[in-house]
Amino acid sequence: MKLREILAQIVPADAAAYQACAARFDQIAKPIGSLGRLEELFKCIAAINGTPKVDLGRRCVLVFCADNGVLAQGVAQSTSEVTTAIGRSLAAGTASVSMMARAAGADVFPIDMGMGEAVPGLLDRRLGAGTADISQMPAMDYETAKRGILIGIELVRQRKEEGYRIIATGEAGIGNTTTSSAVASVLLDRSPEEVTGRGSGLTDEGLARKQWAIRRAIEVNRPDATDPIDVLAKLGGFDLAGMTGAFIGGAFYHIPVVIDGFISAVAALCAVTLCPAVRDYLLPSHMTAEPAGKLLMARLGLEPIIHGEMRLGEGTGAVALFPLLDLAAAVYNHAATFDDIQVEAYQPWAK
């Protein structure tokens with residue numbers, strides 16, 4: 001199926017299931033809305049699934065791995081060899097997200113979207129051996145960006161067919177805070193200085209080089225802010241294209257997809273810009289420490305519930321949401337109701 005056909009078939013999440021889930025929470029013997037944002041996320045999951053019988057069951061994280069040609073401009077303190085090393089850790093199950101996912105009962109699917117060096121054990125969805133240097137030319141051509149999006153959509157379909165009920169997103173790729181900042185600068189209509197952070201720990205000089213590379217990339221490539229595929233193709237990365245597809249796939253296949261931090265939030269914005277209804281299928285996890293984090297969440301109309309100043313990537317922040325959702329599920333599915341304890345139910349305060 002073509003991308004435009006997929007986008008045309010995405011509909012808003014089920015409002016009736018949302019309300020039914022809300023009614024169930026109100027029957028539980030506790031103050032109305034007292035689980036706060038956890039209740040809201042749970043109601044959103046019900047709406048996504050189209051039923052108030054929420055089953056978080058099997059869960060997984062998709063980790064999109066890719067390298068970025070803009071590294072040639074000294075925008076990171078590491079080289080693409082670190083991407084390869086992380087890929088090997090993901091394949092071996094020893095990466096940080098692997099440990100956290102195991103504790104949260106989630107499976108990890110690392111995907112090679114286009115690393116400089118292929119790593120055995122990763123799902124091979126390579127679009128190339130890293131993108132071009134965006135400060136000199138487009139990262140990729142338009143059709144390659146579309147192909148990356150379709151790969152992400154297909155990955156969600158495969159996971160749903162395997163029985164997964166919720167998907168987290170993550171990434172690994174040195175230089176991808178630069179590409180993400182460039183995309184965010186255009187889509188948010190903000191200067192590179194406003195949206196660009198230090199990534200894994202740049203000096204002042206390194207941050208200046210990173211901001212220069214982004215300004216130069218926008219000047220050279222002249223992306224069309226009204227076309228997120230054009231922005232992805234000219235300024236983004238293979239990982240961003242794949243994640244954009246994962247968010248679209250969640251909406252198309254009615255499965256909740258969790259945003260991790262800054263980089264996956266940029267991909268989520270690309271997806272929502274392509275199809276506003278995708279927004280109903282997104283779950284925020286944590287507030288990234290990157291400068292554009294609040295700007296992105298505000299544009300998406302989402303509020304993360306974890307404020308831990310996390311900035312590890314790999315999907316670690318998204319996976320951290322799973323245990324919290326499990327706690328909400330325990331209350332939702334098993335807690336006593338007002339009828340059980342023979343007490344009159346709380347009534348909402350009049351506004």
Side-chain angles (χ1 to χ4, degrees), residues 1-12 64 68 70 113 127 131-153 169 176-196 211 213-252 257 259 262-282 284 290-302:
M1 190 179 297
K2 295 183 182 299
L3 178 58
R4 65 173 178 272
E5 296 171 343
I6 291 171
L7 295 173
Q9 293 183 43
I10 293 173
V11 297
F64 296 88
N68 304 279
V70 73
M113 291 295 297
L127 296 170
T131 58
D133 180 352
I134 61 172
S135 71
Q136 307 298 316
M137 64 188 72
M140 66 193 92
D141 62 42
Y142 197 90
E143 290 304 313
T144 299
K146 285 175 63 177
R147 190 150 53 94
I149 292 170
L150 288 169
I151 287 170
I153 295 171
T169 53
N176 60 8
T177 59
T178 301
T179 55
S180 299
S181 294
V183 172
S185 178
V186 172
L187 293 183
L188 294 173
D189 192 22
R190 298 284 186 137
S191 70
E193 288 75 16
E194 290 178 276
V195 298
T196 306
Q211 292 168 345
I214 293 169
R215 284 195 304 274
R216 176 68 176 167
I218 295 171
E219 291 168 1
V220 166
N221 293 300
R222 301 176 66 83
D224 179 358
T226 66
D227 182 357
I229 299 178
D230 185 66
V231 179
L232 276 173
K234 290 176 176 176
L235 304 178
F238 297 145
D239 50 354
L240 280 172
M243 275 190 288
T244 297
F247 292 120
I248 293 170
F252 187 71
V257 181
I259 302 170
F262 168 58
I263 295 162
S264 63
V266 170
L269 181 57
C270 289
V272 171
T273 306
L274 277 168
C275 179
V278 169
R279 189 261 180 207
D280 286 358
Y281 298 83
L282 306 178
E290 284 288 306
K294 291 182 179 179
L295 296 172
L296 288 162
M297 287 295 110
R299 178 65 67 87
L300 290 167
L302 299 173

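This chain uses plain numbering: 1 for the first residue, then up along the sequence.
The shortest heavy-atom contact between I259 and S264 is CG2-OG, 3.4 Å. Contact between V70 and D133 at its shortest, heavy atoms only, is CA-OD1, 3.5 Å. Listed here is the closest heavy atom pair of I134 and G236: CG2-O, 4.4 Å. Here the closest non-hydrogen pair linking A145 and A241 is O-CB, 3.9 Å. In this structure, A271 and F247 approach most closely via the heavy-atom pair CB-CB, 3.8 Å. Pairing each heavy atom of F238 with each of T144, the nearest pair is CE2-CG2, 4.0 Å.
Screening residues 180-190 for salt bridge (charged side-chain N to carboxylate O under 4.0 Å, His left out), with sequence neighbours left out, gives R190-E194.
C270 places none of its side-chain heavy atoms less than 4.5 Å from the side chain of L240.
Taking CG from L7 and CE from M1, the interatomic distance works out to 11.0 Å, rounded to the nearest 0.5 Å. Taking CD1 of I149 as the reference point, atom CG of L3 lies at 5.5 Å (rounded to 0.5 Å). Expressed to the nearest 0.5 Å, how far OG1 of T178 lies from CD of Q211 amounts to 10.0 Å. Going from atom CD1 of I153 over to atom CD1 of I6 covers 4.0 Å, rounded to the nearest 0.5 Å. Atom CE of M140 is separated from atom NZ of K146 by 14.0 Å, given to the nearest 0.5 angstrom. The structure places CZ of R147 at 8.0 Å from CG of D141, a figure rounded to the nearest 0.5 Å.
When the options V266, L269, N68 are evaluated for a side-chain contact (heavy atoms from CB on, under 4.5 Å) with S180, the one that passes is V266. Of the residues listed (I214, N221, L235, V195), the one engaging V186 in a side-chain contact (heavy atoms from CB on, under 4.5 Å) is L235, and it is the only one.
Remark: the backbone N or O of S181 is not paired with any side-chain donor or acceptor of S185 at under 3.5 angstrom.
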Which side-chain N or O atoms in residues 224-231 pair as donor and acceptor under 3.5 Å with protein atoms at least two apart or in another chain?
| unit_1 | atom_1 | unit_2 | atom_2 | d |
| --- | --- | --- | --- | --- |
| D224 | OD1 | T226 | N | 3.0 |
| D224 | OD1 | T226 | OG1 | 2.6 |
| D224 | OD2 | T226 | OG1 | 3.2 |
| D227 | OD1 | Y142 | OH | 3.3 |
| D227 | OD1 | I229 | N | 3.1 |
| D227 | OD1 | D230 | N | 3.4 |
| D227 | OD2 | Y142 | OH | 2.8 |
| D230 | OD1 | K234 | NZ | 3.3 |
| D230 | OD2 | D224 | N | 2.7 |
| D230 | OD2 | K234 | NZ | 3.3 |

Would you tabulate the side-chain donor-acceptor contacts of residues 291-302 under 3.5 Å, counting partners in other chains and residues two or more places apart, or write 'none'?
| unit_1 | atom_1 | unit_2 | atom_2 | d |
| --- | --- | --- | --- | --- |
| R299 | NH1 | L187 | O | 3.1 |

